[in-house]
Amino acid sequence: MAASLTISRFFSPAAISFSTTITKLSPKSVSSKLSISPLSMNLHRRPSKPISFSIKTTQISAIISVGDKLPDATFSYFDSTGELQTTTISSLTAGKKAILFAVPGAFTPTCSQKHLPGFVEKSGELKAKGVDTIACVSVNDAFVMRAWKENLGINDEVLLLSDGNGEFTKKIGCELDLCDKPVGLGVRSRRYALLAEDGVVKVLNLEEGGSFTFSGAEDILKVL
């Protein structure tokens, strides 16, 4: 399962991190390299080794990758009668062609205006291509997901699933730490869209952070 995503389009310049190692001179070593005579004030400096730098880059990675079996996890949602239900990855994907797409947060602008509505609009075309399940995953509680669904007027085109504790998000390595943001989002999910057949990932369009560039419904339609 532990496989790094190396598809070039998953990377952006902002995603490369640098770590720099600097060889520091301790006070003891500095004093041994510099002596001052009170009488002559002559400086005697020994040649010192040049400061060395080592630079390494890290790739954006996730635990899940194309060809992997999705890890099982439990989601919650409210059904059409208002009853709280649970479902699992295995029940959503076993023997089926399923699309799972994740958003950083319910009611957030890009998720509400573009990502989720796109899959609702294209749900008929996707199902005509053999897709059995279309589900939206978010690290929000089931009550928020129900309110979001009602607010957007969604019926049964897309199943809105609560990964409230981030269980599935953590298992596939797609956490998005937004703790430094002033709106208080905490740890959420990176945006992605994946196509799985019988629980095996066939397509994985994983965005950098919350960007929305190639994880929409149209992008999945192109590969069906």
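In what follows, every heavy atom counts, from backbone to side chain, and hydrogens, waters and symmetry copies are set aside. For the single chain, residues carry numbers from 1 onward in sequence order.
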- [ ] Calculate, to the nearest 0.5 Å, the distance between atoms CG and OG1 belonging to L185 and T108 respectively.
- [x] 7.5 Å
Open item on the list: What verdict does the side-chain contact (heavy atoms from CB on, under 4.5 Å) test give for C179 and V187, after you've listed the backbone C-alpha separation in whole Å, the side-chain angles of each residue and the deciding distance to 0.1 Å?
Closed with: CA-CA 6 Å; C179 292; V187 178; 4.1 Å; yes
TODO: State, with a plain yes or no, whether a side-chain heavy atom of T133 is found less than 4.5 Å away from one of I99.
DONE: no
Open item on the list: Quick check: do L159 and C136 have side-chain heavy atoms less than 4.5 Å from each other?
Closed with: no
Task: Common cluster, I154/V131, ILVMFWY with side-chain heavy-atom separation under 4.5 Å - done: yes
Task: S215 to A193 - nearest heavy-atom pair and separation - done: O-CB, 3.3 Å
Open item on the list: I'd like to check K181 versus L178 (side-chain heavy atoms, cut-off strictly below 4.5 Å). Are they in contact?
Closed with: yes
Task: E121 and E157, any side-chain heavy atoms less than 4.5 Å apart - done: no
Task: Co-membership, hydrophobic cluster, residues V158 and V139, 4.5 Å side-chain - done: no
Task: Separation between NZ of K170 and CD of E175, rounded to the nearest 0.5 Å - done: 7.0 Å
Task: Sequence neighbours excluded, every pair satisfying side-chain hydrogen bond (donor to acceptor under 3.5 Å, both in side chains) that has a member inside residues 144-155 - done: S112-W148
Task: Close side-chain approach of L70 and L194, heavy atoms under 4.5 Å - done: yes
TODO: Indicate the ring-plane relationship of F75 and F168, choosing parallel, tilted or perpendicular according to the 30° and 60° boundaries.
DONE: perpendicular
TODO: Look up atom OG in S80 and atom CG in D156, then write down how far apart they are to the nearest 0.5 Å.
DONE: 8.5 Å
- [ ] Measure from the side-chain N and O atoms of R188 to the backbone N and O of L176, and report whether any donor-acceptor pair falls under 3.5 Å.
- [x] no
Open item on the list: Run the side-chain hydrogen bond (donor to acceptor under 3.5 Å, both in side chains) test against D219 and tell me which residues pass, sequence neighbours left out.
Closed with: none
- [ ] Using a cut-off of 6.0 Å, state whether more than 12 heavy atoms not belonging to N165 lie near its atom CG.
- [x] no
TODO: Report yes if the side chains of I64 and V201 come closer than 4.5 Å at any heavy-atom pair, otherwise no.
DONE: yes
- [ ] Run through F214, Y192, F101 and flag the one making a ring pair (Phe, Tyr, Trp, His ring centres under 6.0 Å) with H115.
- [x] F101
- [ ] Indicate yes or no for a side-chain donor-acceptor contact from S91 to the backbone of T87 under 3.5 Å, with no hydrogens or angles considered.
- [x] no
Task: Contact summary for A106 and V144, nearest pair of heavy atoms - done: CB-CG1, 3.7 Å
Task: Main-chain N/O of K96 paired to D132 side chain as donor or acceptor, under 3.5 Å - done: no
- [ ] Group every Ile, Leu, Val, Met, Phe, Trp and Tyr by side-chain heavy-atom contacts under 4.5 Å, then state whether F212 and V120 land in the same group.
- [x] no
Task: No-hydrogen, no-angle side-chain donor-acceptor test under 3.5 Å, D163 and T169 - done: yes
TODO: Output yes when K171 and E167 qualify as a salt bridge under the 4.0 Å nitrogen-oxygen rule, no when they do not.
DONE: yes
Open item on the list: Quick check against the 3.5 Å criterion: does S211 have a side-chain atom that pairs as donor or acceptor with the backbone of T213?
Closed with: no
Task: Note, L195 side chain near N205 side chain (heavy atom, < 4.5 Å) - done: no
TODO: Would you mind reporting whether Y77 and M145 have side-chain heavy atoms less than 4.5 Å apart?
DONE: no
- [ ] Looking only at non-hydrogen atoms, find the nearest pair between S189 and A102 and report the distance.
- [x] OG-CB, 3.5 Å
Task: Nearest atoms (heavy-atom pairs only) where C174 meets L206 - done: SG-CD1, 3.8 Å
Open item on the list: I'd like to know if F107 and L116 are part of one continuous hydrophobic network [Ile/Leu/Val/Met/Phe/Trp/Tyr, side-chain heavy atoms within less than 4.5 Å].
Closed with: yes
- [ ] Please report the shortest heavy-atom distance between A135 and L161, naming the atom on each side.
- [x] CB-CD1, 3.7 Å
TODO: Indicate whether any N or O donor in one side chain lies under 3.5 Å from an N or O acceptor in the other, for T88 and S90.
DONE: yes
Open item on the list: Would you say CZ of F143 has more than 12 non-hydrogen atoms from neighbouring residues, nucleotides or ligands within 6.0 angstrom?
Closed with: no
Task: Worked check of side-chain contact (heavy atoms from CB on, under 4.5 Å) between Q113 and T110 - done: CA-CA 5 Å; Q113 297 167 14; T110 301; over 6 Å; no
Open item on the list: Determine whether K122 and E218 satisfy the following criterion, salt bridge (charged side-chain N to carboxylate O under 4.0 Å, His left out), listing intermediate values before the conclusion.
Closed with: CA-CA 8 Å; K122 298 294 182 181; E218 290 281 3; 3.1 Å; yes
TODO: Find the distance between NZ (K129) and CD1 (I220) and round it off to the nearest 0.5 Å.
DONE: 13.0 Å
Task: With S138 via side-chain hydrogen bond (donor to acceptor under 3.5 Å, both in side chains) - residues at least two apart - done: N140
TODO: Report whether F119 and V203 are members of the same hydrophobic cluster (ILVMFWY, side-chain heavy atoms less than 4.5 Å apart, transitive linking).
DONE: yes
Task: Exercise: identify the closest heavy-atom pair between L224 and K97 - done: CD2-CD, 4.2 Å
